[in-house]
Amino acid sequence: MDNCIFCKIVRKEILSNKIYEDEEIIAFNDIHPAAPVHFLIIPKQHIETLYDIQDDQQSLLGKMMLLAPKLAKEQGCQDGFRVVINTGRVGGQEVFHLHIHVIGGRERLSPMVHSG
Ligand code: 5GP
Ligand code: ZN
């Protein structure tokens with residue numbers, strides 16, 4: 001996808017603070033961190049949202065999810081963290097390339113959001 005900001009990060013056309021990469025997935029720090037640890041795990045393949053995941057991408061999604069605790073620990077989250085996948089308009093998704101937010105730090109995170 002030519003104009004997708006995360007595809008540009010995958011193609012290294014935009015710099016990112018990368019913390020993990022393999023043939024299918026990259027993870028990099030969020031440019032506007034919501035907590036001391038805040039990184040994103042994304043598939044290299046352009047998949048717009050969680051709605052668009054296909055049955056044959058089950059292992060890709062599982063691999064992304066399994067990376068969350070491993071990378072969270074590496075990034076200093078020894079005592080918990082949060083994963084968030086904002087999906088679509090109501091979910092507040094801003095970048096339409098599937099990504100898992102991993103958020104943590106030393107202190108307990110604030111409670112989950114409430115709808116307005
Ligand atoms: P969403 O609201 O779609 O779930 O979250 C998109 C996230 O991507 C936001 O937390 C935002 O700060 C992050 N983001 C947007 N553009 C860039 C970028 O160019 N580089 C990095 N590292 N993060 C970005
Ligand atoms: Zn993309």
Side-chain angles (χ1 to χ4, degrees):
M1 292 294 278
D2 289 353
N3 287 321
C4 170
I5 203 153
F6 287 177
C7 283
K8 287 182 181 177
I9 286 176
V10 169
R11 295 196 298 264
K12 300 182 172 68
E13 292 168 18
I14 293 180
L15 281 181
S16 70
N17 190 341
K18 198 166 55 188
I19 61 170
Y20 177 86
E21 178 167 14
D22 65 27
E23 63 286 350
E24 289 181 298
I25 295 167
I26 64 169
F28 52 91
N29 285 317
D30 196 291
I31 204 165
H32 293 127
V37 175
H38 185 177
F39 61 88
L40 306 172
I41 302 172
I42 75 168
K44 286 186 169 176
Q45 182 186 352
H46 182 84
I47 300 166
E48 290 205 351
T49 81
L50 198 54
Y51 281 131
D52 301 299
I53 279 281
Q54 305 298 309
D55 288 351
D56 65 359
Q57 292 167 322
Q58 186 176 344
S59 68
L60 172 64
L61 194 59
K63 208 173 147 188
M64 288 168 64
M65 197 57 89
L66 281 170
L67 274 171
K70 289 183 185 148
L71 296 179
K73 269 192 185 164
E74 280 178 25
Q75 296 299 307
C77 299
Q78 308 300 332
D79 199 19
F81 61 91
R82 181 174 291 163
V83 295
V84 173
I85 306 178
N86 294 325
T87 302
R89 181 183 66 83
V90 172
Q93 186 172 1
E94 288 178 359
V95 177
F96 280 75
H97 179 133
L98 177 66
H99 50 282
I100 300 178
H101 293 258
V102 179
I103 300 165
R106 268 174 298 132
E107 304 306 323
R108 191 190 163 100
L109 299 167
S110 53
M112 292 296 280
V113 288
H114 301 279
S115 61

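Heavy-atom basis, side chains included; hydrogens, waters and symmetry copies ignored. One-based numbering, in listed order, for ligands and for the atoms of each.
Within 4.0 Å of ligand 1, counting heavy atoms only, the contacting residues are Ile5, Phe6, Ile9, Phe28, Asn29, Asp30, Ile31, His32, Leu40, Asn86, Gly92, Gln93, Glu94, Val95, His99, His101.
Linking Ile, Leu, Val, Met, Phe, Trp and Tyr whenever their side-chain heavy atoms come within less than 4.5 Å leaves Val83 and Phe6 in two separate clusters.
Atom CD of Gln58 is surrounded by 12 or fewer heavy atoms from other residues, nucleotides or ligands within 6.0 Å. Within 6.0 Å of atom CD in Gln78, more than 12 heavy atoms from other residues, nucleotides or ligands are found, so the atom counts as buried in its surroundings. The number of heavy atoms from other shown groups lying within 6.0 Å of CZ (Arg11) is above 12.
Contact detail for Cys77 and Gly105: the closest heavy-atom pair is SG-N, 4.2 Å. Residues Phe28 and Ser16 approach most closely at CB-OG, 3.8 Å, considering heavy atoms. Counting all heavy atoms, side chain and backbone alike, His99 lies closest to Leu40 at CD2-CD2, 4.1 Å.
Within the structure, side chain to side chain donor-acceptor pair (under 3.5 Å) contacts touching residues 41-50 (residues at least two apart or in different chains) are Glu21-Lys44, His46-His97, Thr49-Asp52.
Here the Zn ion (ligand 2) has protein N, O or S atoms under 2.8 Å from it, and they come to 4.
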Cut-off 3.5 Å, no hydrogens considered: what does the side-chain donor-acceptor table look like for residues 60-76, sequence neighbours left out?
| from | atom 1 | to | atom 2 | distance (Å) |
| --- | --- | --- | --- | --- |
| Lys63 | NZ | Asp22 | OD2 | 3.4 |
| Lys63 | NZ | Glu23 | OE2 | 3.4 |
| Lys63 | NZ | Glu24 | OE1 | 2.8 |

